[in-house]
Protein chains: 2
Amino acid sequence: MRAEDRRELILQAATTVFGDHGYDGTTTAQVARAAGVSQPYVVRVFGTKEKLFLAVLQRALDHLLAAFRAALTDTVSGVPIQRRIGLAYIGLAADRGLLLSLMHGFVLGRDPEIGAAAREGFILVYRFLRHEAGFSPDESQQFLAGGMLINTMIGLRMTDDFDRDPDVHELLTHAFPEKIDIMLELAKTERREAAERAGTGA
Amino acid sequence: MRAEDRRELILQAATTVFGDHGYDGTTTAQVARAAGVSQPYVVRVFGTKEKLFLAVLQRALDHLLAAFRAALTDTVSGVPIQRRIGLAYIGLAADRGLLLSLMHGFVLGRDPEIGAAAREGFILVYRFLRHEAGFSPDESQQFLAGGMLINTMIGLRMTDDFDRDPDVHELLTHAFPEKIDIMLELAKTERREAAERAGTGA
DNA sequence: TCACTTAGTTATCGTCTGATTACTTAATTC
DNA sequence: GAATTAAGTAATCAGACGATAACTAAGTGA
């Protein structure tokens, strides 16, 4: 396989593993296993574990902004821009670990390298909302706040309690703008995959 | 010193260290150094590093709910309850690492022990808002969303760029309800303390 | 004062982890 | 078809980390 394709494969695997366990909680061996390559190869392709995580963050940000710009350009639908971008954001959850890897980066702002990258990435998103999407400061703030709540809900695996706890049910239906069914479906397949992995002794 | 007092001292130190580096990024030796005790003693008092982190989360949640209930009881001021609790939340930022340790717990929802504790803690806060503070579902959702954005801003050390970037300036003034001056002051003293620690070679 | 508890420390160990080195195998080029 | 490059793997290492064990010093009560 071409090195470039293998690199993207490793990045995808790393995104889900980092999303689950965070930067420090993830080992390069876990990423390698998820990507189907040897541990030294992961290190060799990206240099260091830190550079691998920075590449994951960059990829996540690229995907995020691409999805937002696509939602901005897609003027055919009569849906207002705020909702279109909101739906685009939730659509990113289909790429498992993407939003959570970003979140892990956000809470490591103290780190010299990771913190700087995460900060710049966040500011870039804000600039998009304000200067490309035409959001007001208040709209931008509310959009980002809702996004952070969604990330937290995903991180907490709140969807697992959707049917078990009426308060969770209520909170989730208010947190996810009309896309709660998609989130529940994603969570279900994810749980099934996890069960399969556990079953095969991985 | 009494073991109970020493335990609280270690918990405070652990809160700031976990807040800075997360669960996996923190070593028991770092916590011990910050608390002024030996590394094995930290382990002996709490059993394991995981139990120490769970104790940090529990303490953070206790402080948070206590602050909220105090804001609820304090009916003398003519300030509406939403704002009172909002200000109480920002006041928690004075306890360095408290909100960030919670945030680190939130994004580790996959972990069997930590995830369960973080999930239950979050639900407890939602229940308080809905059934004690009398918030509507929408008010609760918006409050939590704003809280998660604030946590993210703190995690990203966004306040460092307050004077350097007009977009950051705008974002922060909209994210922090009128308490931005306090946040900037906290960030400044924190940077000074960090510089002192670096200066003494710690 | 002697036995006992409380509050710690020093020394050490086994395991895990990121990284390095050296080797292999399959294309591709000349 | 020999030489070179690309795409990997197996073996291994040095450092760090959580945890354990063994020891010590300072109260404290009978």
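Both backbone and side-chain heavy atoms feed into the values below; hydrogens, waters and symmetry mates do not. Letters A, B, ... mirror the listed sequences (proteins, then strands); counts begin at 1.
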Value in whole Å for how far the P atom of C:dT17 lies from NE2 of A:H21: 11 Å

Heavy-atom closest contact (B:S77 atom, B:R84 atom, distance): OG-CD, 3.4 Å

Between A:S101 and A:T15 (side chain of the first, backbone of the second, donor and acceptor by atom type, cut-off under 3.5 Å), is there such a pair? yes

So, for A:K49 and A:D24, which heavy atoms are closest and what is the spacing to 0.1 Å? NZ-O, 3.7 Å

Which residues share a ring-ring contact (aromatic ring centres under 6.0 Å, His included) with B:F176, sequence neighbours left out: none

Separation of atom CD in A:Q39 from atom P in C:dT20, rounded to whole Å: 11 Å

Given side chain to side chain contact (heavy atoms under 4.5 Å, CB included), test A:R59 with A:V56 step by step and report yes or no. CA-CA 5 Å; A:R59 174 179 174 276; A:V56 165; 5.8 Å; no

Do any side-chain nitrogens or oxygens of A:T28 fall under 4.0 Å of OP1 or OP2 in C:dT17? no

Over all atoms of both residues, closest heavy-atom pair of A:R96 and A:T16: O-CG2, 3.3 Å

With side chains defined as the heavy atoms from C-beta onward, is the minimum distance between B:I10 and B:V37 less than 4.5 Å? yes

Which residue pairs pass the ring-ring contact (aromatic ring centres under 6.0 Å, His included) test when at least one of the two sits in residues 87-108 of chain B, sequence neighbours left out? B:F106-B:F122

Report the distance from atom CZ of A:R33 to atom P of D:dG8, rounded to the nearest whole Å. 19 Å

note: A:D24, atom CG; C:dC16, atom P; distance rounded to Å ~ 18 Å

Side-chain donor-acceptor distances from residues 66-73 of chain B under 3.5 Å, at least two apart:
{"residue": "B:R69", "atom": "NE", "partner": "B:E132", "partner atom": "OE1", "Å": "2.9"}
{"residue": "B:R69", "atom": "NH2", "partner": "B:E132", "partner atom": "OE2", "Å": "2.7"}
{"residue": "B:T73", "atom": "OG1", "partner": "B:R69", "partner atom": "O", "Å": "2.7"}

Distances under 3.5 Å between protein N/O atoms and the N/O atoms of nucleotides 13-15 of chain D, please, pair by pair.
none

Please check if any side-chain donor atom of A:E170 sits under 3.5 Å from a side-chain acceptor atom of B:Y126, or the reverse. yes

Shorter than 3.5 Å, N or O on both sides, protein versus nucleotides 4-7 of chain C: list them out with atom names.
{"residue": "C:dA7", "atom": "OP1", "partner": "B:A3", "partner atom": "N", "Å": "2.9"}

Does one side chain, of A:Q58 or A:D62, offer a donor that lies under 3.5 Å from an acceptor on the other? yes

Taking NZ from B:K49 and P from C:dC16, how many angstroms apart are they, rounded to a whole number? 15 Å

Per A:T27 side chain, nearest of listed nucleotides D:dG18, C:dT9, C:dT17: C:dT17

Enumerate the residues from residues 100-115 of chain B whose closest heavy atom to DNA chain C is under 4.0 Å, giving them by residue number; use none for an empty result. none

